[in-house]
Structure formats: structure tokens, C-alpha cells
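First up is the structure itself, then whatever we jot down about it.
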Amino acid sequence: MEARVMPLSGSQRGGLVGKGYMKVFSYEIALESSKAPEFVDVTDWVQNIVEETGVRFGTAVVYSTHTTTSVAINEKEPLLLEDVGHLLEHFAPREGGYLHNDFEMRTVNMNGDEFPNGHAHCQQIVLGTSETIPIVGNRLHLGVYQRIFFIELDRPRPRQLVVQVMGVQEED
């Protein structure tokens, strides 16, 4: 297989030309889910954060702080998202038999509002917790149909998403 390797538009071989400063910015997005599974497109919020930071070249990490939610990149096509929901239910059904849901046997990480959610933990393991997206020219470098989704797997409630932007701000 042959491949052609070339710099992305706006960047150069050898890195950034001129003076620039490496910076790191951290933001939190607070949202409230309304169902499970729920696919919340957070792409525009993340892009707005990137623009606000002024980072021209670097990376954006989008990270869920919960063990029953995920972050994933995929196409925003309603039937596809419905298919993914069916796949998740098939892989780890809500009504499956999970030891995590046996509150008489389980003694670790219990709290007053504990809810049977073993399915959501298992689904999250498959989907993952974060995505890292290159930033080129102060824009998320995503494919034509790629969108960043925050995915609720458990039940409606307040949630947090962390966005960390790292990279170079060019001097004017």
C-alpha cells in the first residue's frame, strides 16, 4: 500500500512558523440528560470553546466525568443513532442480570439514590470516556459527517463534560 503524507491546510512541515505560546485551557459543560440512551451533539459547544481559547494548532479532549455516560464521534443521522441504541441494548440489556444491581450483595460505592444501572456501566466500557480531536487553524479537524456526542446510558439527570484545549496561540 502506498500513502501520501502532507501537512494539513494551515500547518507546515517542521511545525508552527513564528512565535507562539503553548497554552492549556479547561472548561466544564453542564447539561441535563432527558432519557437513555440519549445522544447529545456537543460539537458546536466544543468548537465555540476552541475559538474562545484562540488555540490555532493543538488538540481538544472531550471527557465525561461519569461511569455511565460516554463520549464518541460518529455521524449525526437519526436512524444510525437509533441503530446504535439497539446495538447497546443488545450488547448489555437494561433488564439483564447484573451483580452490580444486587444491592443485598453489593457493598462498594453505594449511596442513597443508588439505581440498578449495571447495563449502563457495561455499555460505557465499550464506548469509552473521551475523544481527542486535532485543532488546525482554530477549528476542530473533523470529517464531513463527524460530530462529537455526549451519550447518556443510565437515566435522566444533571451531568458534566470536561473540555480541555491544549495548543499554540500564534502571536499577532
Side-chain angles (χ1 to χ4, degrees), residues 1 3-12 15-16 22-94 117-170:
M1 171 186 280
R4 182 174 53 131
V5 178
M6 53 195 237
L8 290 172
S9 175
S11 63
Q12 299 183 21
L16 185 65
M22 179 71 156
K23 300 270 186 138
V24 178
F25 301 87
S26 297
Y27 289 78
E28 181 179 87
I29 298 173
L31 34 104
E32 185 139 352
S33 59
S34 61
K35 63 181 181 174
E38 181 177 20
F39 297 81
V40 180
D41 184 347
V42 298
T43 310
D44 293 339
W45 294 337
V46 176
Q47 178 58 50
N48 289 340
I49 288 169
V50 168
E51 289 172 13
E52 183 178 315
T53 67
V55 167
R56 303 274 304 142
F57 299 95
T59 56
V61 177
V62 183
Y63 170 77
S64 170
T65 62
H66 307 282
T67 59
T68 56
T69 66
S70 269
V71 175
I73 294 175
N74 213 313
E75 183 176 345
K76 186 177 184 179
E77 192 279 303
L79 297 176
L80 173 64
L81 298 178
E82 191 172 325
D83 288 340
V84 173
H86 291 300
L87 178 69
L88 291 170
E89 177 65 22
H90 178 76
F91 169 74
R94 183 174 291 275
N117 61 1
H119 70 286
H121 289 282
C122 291
Q123 292 171 356
Q124 189 271 348
I125 287 287
V126 171
L127 292 175
T129 304
S130 67
E131 291 284 356
T132 302
I133 305 101
I135 298 169
V136 178
N138 198 232
R139 304 281 313 156
L140 294 168
H141 192 71
L142 293 167
V144 173
Y145 298 110
Q146 288 183 318
R147 303 297 288 180
I148 307 164
F149 290 98
F150 173 82
I151 307 168
E152 175 63 68
L153 300 167
D154 190 5
R155 60 190 163 110
R157 60 181 148 171
R159 298 297 201 165
Q160 294 78 40
L161 192 60
V162 171
V163 177
Q164 190 168 68
V165 177
M166 300 162 278
V168 176
Q169 297 175 311
E170 288 183 283

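On a predicted model such as this, the values are computed, not experimentally measured, just so you know.
Nearest heavy-atom pair across G54 and N138 is C-ND2, 3.7 Å. Nearest heavy atom pair, residue A92 against residue H119, reads O-CB, 3.4 Å.
Here the CD1 atom belonging to I49 is positioned 9.5 Å from the CG atom belonging to L140, to the nearest 0.5 angstrom. Note that the OG1 atom of T59 and the CD1 atom of I133 stand 9.0 Å from one another [nearest 0.5 Å]. Atom CD in E28 sits 6.5 Å away from atom OG1 in T65 (nearest 0.5 Å). Distance check: T43 OG1 to Q146 CD gives 9.5 Å after rounding to the nearest 0.5 Å.
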Show the atom names and distances, to 0.1 Å, of all donor-acceptor pairs under 3.5 Å that link a side chain in residues 71-87 to residues at least two apart or in another chain.
residue: E77; atom: OE1; partner: L80; partner atom: N; Å: 2.7
residue: E77; atom: OE2; partner: L79; partner atom: N; Å: 3.0

Can you give me every donor-acceptor pair (side chain of residues 157-167, partner residue at least two apart or in another chain, under 3.5 Å) with its distance?
residue: R157; atom: NH2; partner: D154; partner atom: OD2; Å: 2.4
residue: R159; atom: NE; partner: E152; partner atom: OE1; Å: 2.8
residue: R159; atom: NH1; partner: H66; partner atom: ND1; Å: 3.2
residue: R159; atom: NH2; partner: T68; partner atom: OG1; Å: 3.0
residue: R159; atom: NH2; partner: E152; partner atom: OE1; Å: 3.4
residue: R159; atom: NH2; partner: E152; partner atom: OE2; Å: 2.9
residue: Q160; atom: OE1; partner: H66; partner atom: NE2; Å: 3.3
residue: Q164; atom: NE2; partner: S26; partner atom: OG; Å: 2.9

Under the side chain to side chain contact (heavy atoms under 4.5 Å, CB included) rule, what do W45 and L31 come out as? Steps first, then yes or no, please.
CA-CA 11 Å; W45 294 337; L31 34 104; 3.6 Å; yes
Kindly indicate, with the supporting measurements, whether the criterion side chain to side chain contact (heavy atoms under 4.5 Å, CB included) is fulfilled by S70 and L153.
CA-CA 8 Å; S70 269; L153 300 167; 4.0 Å; yes
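For Q123 (side chain) and F91 (main-chain N/O), no donor-acceptor pair under 3.5 Å exists by modelled atom type.
Judged as a side-chain hydrogen bond (donor to acceptor under 3.5 Å, both in side chains), and not counting sequence neighbours, the contacts of S34 are E38. Shown here are the side-chain hydrogen bond (donor to acceptor under 3.5 Å, both in side chains) partners of T69, two or more places apart in sequence or in another chain: S64.
In this structure, the side chains of F150 and V62 stay at 4.5 Å or more apart for every pair of heavy atoms. The shortest side-chain heavy-atom distance between E52 and F25 does not fall under the 4.5 Å cut-off.
Pairs of residues two or more places apart, or lying in two chains, never qualify as salt bridge (Lys or Arg N to Asp or Glu O under 4.0 Å) while including a residue from residues 119-137. Sorted by first then second residue, the salt bridge (Lys or Arg N to Asp or Glu O under 4.0 Å) pairs that include residues 134-151, not counting sequence neighbours, are D41-R147, D44-R147, E51-R139.
Of the N and O atoms on the side chains of T129 and Q124, at least one donor lies less than 3.5 Å from an acceptor on the other residue.
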